[in-house]
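Structure first, then comments.
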Amino acid sequence: MLLQIDASHHDWLQGRGPRPVLLAVIDDATGNVPAARFHHTEDGRGYFLLMRDLCRKTGVPMAIYSWQPLADPLSGWFNPCLMVMPWIS
């Protein structure tokens with residue numbers, strides 16, 4: 001299973017409270033969302049909690065990737081970051 005991990009910054013509560021960020025894992029082949037959660041900001045803790053939820057629900061994924069900006073965020077170019085789980089054979 002190749003999974004994409006991403007965040008969505010949106011006014012989910014339509015101005016009626018804080019602006020949480022939706023963190024989600026998307027199955028690259030099917031488009032299914034096996035795990036998602038709201039978190040107060042896009043940070044490492046939120047992603048670790050998301051991965052914990054994912055592993056408890058579906059097991060450890062073979063690989064995950066996300067889109068990370070290059071060193072110059074103004075260039076508009078993006079470089080995919082792929083993390084392969086080496087203990088999976």
Side-chain angles (χ1 to χ4, degrees):
M1 206 173 17
L2 177 61
L3 301 173
Q4 178 185 357
I5 192 165
D6 204 357
S8 177
H9 298 264
H10 180 72
D11 189 9
W12 295 103
L13 302 177
Q14 300 176 348
R16 295 174 294 193
R19 291 182 56 109
V21 177
L22 176 64
L23 304 175
V25 178
I26 302 102
D27 185 326
D28 197 56
T30 65
N32 291 335
V33 179
R37 73 169 24 241
F38 284 109
H39 197 66
H40 60 90
T41 187
E42 185 179 6
D43 62 4
R45 184 173 192 278
Y47 280 116
F48 279 118
L49 292 171
L50 178 66
M51 292 305 298
R52 180 193 65 187
D53 296 346
L54 174 73
C55 290
R56 286 181 175 170
K57 184 176 178 183
T58 64
V60 178
M62 197 116 176
I64 60 173
Y65 74 94
S66 68
W67 294 97
Q68 300 292 331
L70 290 171
D72 180 12
L74 301 176
S75 69
W77 289 96
F78 291 90
N79 181 26
C81 172
L82 178 64
M83 296 180 286
V84 177
M85 309 306 176
W87 55 86
I88 305 293
S89 58

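Keep in mind that the numbers below use all heavy atoms, side chains included, and drop hydrogens, waters and symmetry copies.
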Inter-residue atom distance [X].[atom1] - [Y].[atom2], 0.5 Å rounding:
| X | Y | atom1 | atom2 | result |
| --- | --- | --- | --- | --- |
| Met51 | Asp53 | CE | CG | 10.0 Å |
| Asp6 | Tyr65 | CG | OH | 9.0 Å |
| Leu3 | Leu54 | CG | CG | 6.0 Å |
| Phe38 | His40 | CZ | NE2 | 14.0 Å |
| Arg37 | Leu22 | CZ | CG | 11.0 Å |
| Ile5 | Ile64 | CD1 | CD1 | 5.0 Å |

Inset, instruction - Verify the cluster assignment for Leu50 and Ile26: are they in a single hydrophobic cluster under the rule of side-chain heavy atoms below 4.5 Å apart? - result: no
[X] to [Y] - nearest heavy-atom pair and separation:
| X | Y | answer |
| --- | --- | --- |
| Leu23 | Glu42 | CD2-CG, 4.3 Å |
| Asp27 | Pro34 | N-CD, 4.1 Å |
| Ala24 | Val33 | CB-CG1, 4.3 Å |
| Trp12 | Pro20 | CD1-O, 3.2 Å |

Inset, instruction - Before giving the answer on side-chain hydrogen bond (donor to acceptor under 3.5 Å, both in side chains), spell out for Asn32 and Thr30 the whole-Å C-alpha distance, their side-chain angles and the decisive distance to 0.1 Å. - result: CA-CA 5 Å; Asn32 291 335; Thr30 65; 3.2 Å; yes
